[in-house]
Number of protein chains: 2
Amino acid sequence: MDKQTVTIYDVAREADVSMATVSRVVNGNPNVKPATRKKVLDVIERLDYRPNAVARGLASKKTTTVGVIIPDVTNIYFSALARGIDDIAMMYKYNIILTNSDENGRKEVQVLNTLMAKQVDGIVFMGNDISDEVRKEFERSKTPIVLAGCVDDQDKMPSVNIDYTAAVEEATKNLIDHGNERVAFVSGSLDYPINRDYRLKGYKQALKKAGLRYDEKLVFETDYSYKAGQLLQPALQSVNATAAVIGDDELAAGVMNGVTDAGLNVPEDFEIITSNDTKLTEMVRPKMSSITQPLYDIGAVAMRLLTKLMNNEPVENKTVLLPYGLMKRASTH
Amino acid sequence: MDKQTVTIYDVAREADVSMATVSRVVNGNPNVKPATRKKVLDVIERLDYRPNAVARGLASKKTTTVGVIIPDVTNIYFSALARGIDDIAMMYKYNIILTNSDENGRKEVQVLNTLMAKQVDGIVFMGNDISDEVRKEFERSKTPIVLAGCVDDQDKMPSVNIDYTAAVEEATKNLIDHGNERVAFVSGSLDYPINRDYRLKGYKQALKKAGLRYDEKLVFETDYSYKAGQLLQPALQSVNATAAVIGDDELAAGVMNGVTDAGLNVPEDFEIITSNDTKLTEMVRPKMSSITQPLYDIGAVAMRLLTKLMNNEPVENKTVLLPYGLMKRASTH
DNA sequence: AATCAAATTGAAAACGTTTTCAACTCGATA
DNA sequence: TATCGAGTTGAAAACGTTTTCAATTTGATT
């Protein structure tokens, strides 16, 4: 973009055609004679012309960039989703603008507005909650938005998830079937619908079906950090919990290491099922049993869904539930 | 950008000023009378005018986006660097366009060109190697580029690292001081200067200073994956290695679990020092001793260095070495 | 009141590409 | 040869903002 930049005007002059023809050649428009096309391509190569994507974005109203709002790129779960998003984005010739939100509602609104100002063609939103302010921005947006690993309790937004309720129900049932009568539910904030209305619901259903009473004292709210998990061991012990379903792998690793560092054995004294099946479940010892989520696929399918929305392609299902499973490793019997 | 979008023309007309005045107000130019400024701001609020950042980028030749080339966002080391980059970027009002390169030279060139086309104001490059093709693109680029966690053996590029040679020397010395005479060096590809010319050099220096002979059979090249680490245990045993300096934490976790799963004890039978001090070192058992790198700071300082280059601010030092240390945990005596 | 300098404002060009629609070209047909 | 329709090309406007420099305004001074 300085004095020496080759512009479409230079190519047109050198090839003795109009700028419109150069544009047609560059963009693969078929309405160009082969001889003209060759002439233009030769000049493009000779001058090493590189189209300015910003100008193209302004003129064509498509920037080929997609905004991705991620709570924390260092979290193993979210980074796996991001990887799926980026790979499919690249496949469809998009680039992602990545913004960390820290699950801070004010920051989420701020980055949403920044992404809109940058005229992104679409947005993938990851997070645990859709605040009222964020929802208001979603509703006013003409840019398609897809949720990944994030539920919309109003079910208005396109989203890709697993059936968290059924998955947690199955995990809880598994622990109950092992004879555990004191199964703890360790979760992020219950202000978040994904935790309160989906995961906790599955936990309660499993208890009910097993004829076990729901005990609030077995429900633990915390942030999703390893440290918080470690600190939970005394509280879990004080309520005589013998097992736990835990909502995040790093948190679960903290709980597990807190338990074993306290001299108890996993799974003999305390069984653990975590929720994300990240690579961490294989690295810690004992290996952790987990609800299996296809993390990469959640990201990939969300991005693919977004490309359909951006291109006004028909979409069968705006709420996609991918398969889940239960991977038994050494943290359960 | 559709029929209903409020443009600077709408604001100017409504406020009865020129577009230039609206632009001056929006961009905080002081040459506007307070009364005029207020009038314009009122209209901006009433019409909910949102400046188009793409148009601004074209006109001003600054996009306020920064390209970040990362080998794999799911890698714990790189994602921590990315976090530092993004936080400082946001502080300076930039957004990052994140591109996974998979350390594939062809893909690196491709994403470099895409980022240049998108007129990013600067680029942060993470990776283990600068291929000739990539270097050629760097040299032709008028956009400032900073390396983060990546060394330039030609020392031409601005970069932020630690002194890998000294760090590995110290780690190796530590293992030798424990009485190990068969210390293995487990590394990514030795085609990469960071491994061959920096880390291996530190390893060799420690051996030499200890009067130990360098034995090629104690040097292992592999990719940086947990799986590859696990598979290394038999080979390490076959050369009678009693300790290892390992170049990546996920790789080290694999080696360590391979060793302990084979029935040996860490550190009694085999000592391990890893290199990145990611959160993984605390999660595995035993906790891993590590060269300490300020990962977040490498990213943050790289981004800050880039903002200086982008703004033509004076830069004292284009090659920044941040402090390192040695954190002793339970994988060493 | 006239002058001057500083501050403010506006018109138009610039940024680099895409799009639109009229004009032109080409080849087939009568 | 003339006509017609399809294909190709080009001129100019569009996209929405910033920048430049001339014109205008304002306030202070003589």
Side-chain angles (χ1 to χ4, degrees), chain A residues 1-41 43-44 47-65 114 116-121 142, chain B residues 1-41 43-44 47-65 114 116-121 142:
Chain A
M1 289 213 271
D2 68 4
K3 291 263 172 69
Q4 296 176 31
T5 298
V6 178
T7 69
I8 201 167
Y9 177 68
D10 302 309
V11 177
R13 184 178 50 199
E14 195 74 30
D16 197 31
V17 298
S18 73
M19 295 190 290
T21 298
V22 177
S23 184
R24 274 186 279 261
V25 171
V26 166
N27 293 297
N29 189 315
N31 292 331
V32 184
K33 280 195 305 198
T36 309
R37 181 182 304 274
K38 182 179 185 322
K39 182 169 60 167
V40 172
L41 288 172
V43 171
I44 283 169
L47 298 188
D48 193 30
Y49 166 64
R50 285 137 179 271
N52 181 323
V54 173
R56 173 186 284 153
L58 182 61
S60 70
K61 299 178 184 290
K62 289 185 191 297
T63 56
T64 68
T65 57
T114 300
M116 301 290 190
K118 296 199 164 176
Q119 314 294 312
V120 290
D121 296 333
K142 299 180 183 54
Chain B
M1 288 213 272
D2 68 0
K3 290 256 175 73
Q4 298 174 27
T5 298
V6 178
T7 69
I8 201 167
Y9 178 69
D10 301 310
V11 176
R13 185 176 51 197
E14 193 76 31
D16 197 31
V17 298
S18 73
M19 293 191 290
T21 299
V22 177
S23 185
R24 274 187 278 260
V25 171
V26 166
N27 293 295
N29 189 316
N31 292 331
V32 184
K33 279 196 306 197
T36 308
R37 183 182 304 275
K38 183 182 183 321
K39 181 168 62 167
V40 172
L41 287 173
V43 171
I44 284 169
L47 298 188
D48 194 29
Y49 166 65
R50 287 143 178 266
N52 182 323
V54 173
R56 173 187 283 153
L58 183 60
S60 69
K61 298 178 186 290
K62 288 185 191 298
T63 56
T64 68
T65 57
T114 300
M116 300 293 188
K118 295 200 167 175
Q119 314 293 315
V120 290
D121 296 333
K142 299 181 180 62

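Chain letters run A, B, ... following the sequence lines, proteins first, then strands; residues in each count from 1.
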- Query: Which whole-number value in Å describes the distance from A:I44 CD1 to C:dG16 C1'?
  - Reply: 14 Å

- Query: What is the distance from atom CG of A:N52 to atom CD of B:Q119, rounded to the nearest 0.5 Å?
  - Reply: 4.0 Å

- Query: A:N31 CG to C:dA23 C1': how many Å, rounded?
  - Reply: 15 Å

- Query: How close or far is atom C1' of D:dA13 from atom CG of A:L58, stated in whole angstroms?
  - Reply: 13 Å

- Atom-to-atom span, CE of B:M116 to P of C:dG16 - whole angstrom: 17 Å

- Query: Does a sphere of radius 6.0 Å around CG in A:D10 hold more than 12 heavy atoms from other residues, nucleotides or ligands, not counting ones at 6.0 Å or beyond?
  - Reply: yes

- Query: Can you check whether A:T36 has a side-chain N or O nearer than 4.0 Å to OP1 or OP2 of D:dT9?
  - Reply: yes

- Item | side-chain contact (heavy atoms from CB on, under 4.5 Å) partner of A:V22, the single match among A:L41, A:N27, A:I8, A:T7 | A:I8

- For the pair made of NZ in B:K61 and C1' in C:dG16, what is the distance, rounded to whole Å? 8 Å

Using nucleotides 17-20 of chain C, report all nitrogen or oxygen pairs with the protein that are shorter than 3.5 Å.
residue : atom : partner : partner atom : Å
C:dT17  : OP1  : A:Y49   : OH           : 3.0
C:dT17  : OP1  : A:N52   : N            : 3.0
C:dT17  : OP2  : A:I8    : N            : 2.7
C:dT17  : O5'  : A:Y49   : OH           : 3.2
C:dT18  : OP1  : A:N27   : OD1          : 3.2
C:dT18  : OP1  : A:N27   : ND2          : 2.8
C:dT18  : OP1  : A:R56   : NE           : 2.9
C:dT18  : OP2  : A:S23   : OG           : 2.5
C:dT18  : OP2  : A:N27   : ND2          : 3.3
C:dT18  : O5'  : A:S23   : OG           : 3.4

- Quickly work out the B:K39 NZ to C:dT8 C1' distance and round it to whole Å. 13 Å

- Task: List the steps, then state whether side-chain contact (heavy atoms from CB on, under 4.5 Å) holds for B:R24 with B:T36.
- Result: CA-CA 11 Å; B:R24 274 187 278 260; B:T36 308; over 6 Å; no

- Round to the nearest Å and state the distance from B:D16 atom CG to C:dT8 atom P. 18 Å

- Query: So, is B:K33 near the phosphate of D:dT25, with a side-chain N or O under 4.0 Å from OP1 or OP2?
  - Reply: no

- Query: Between B:K118 (side chain) and B:T63 (backbone), is there a donor-acceptor pair under 3.5 Å?
  - Reply: no

- Of B:D16, B:V11, B:V17, B:V25, which is the lone residue that meets side-chain contact (heavy atoms from CB on, under 4.5 Å) with B:V43? B:V11

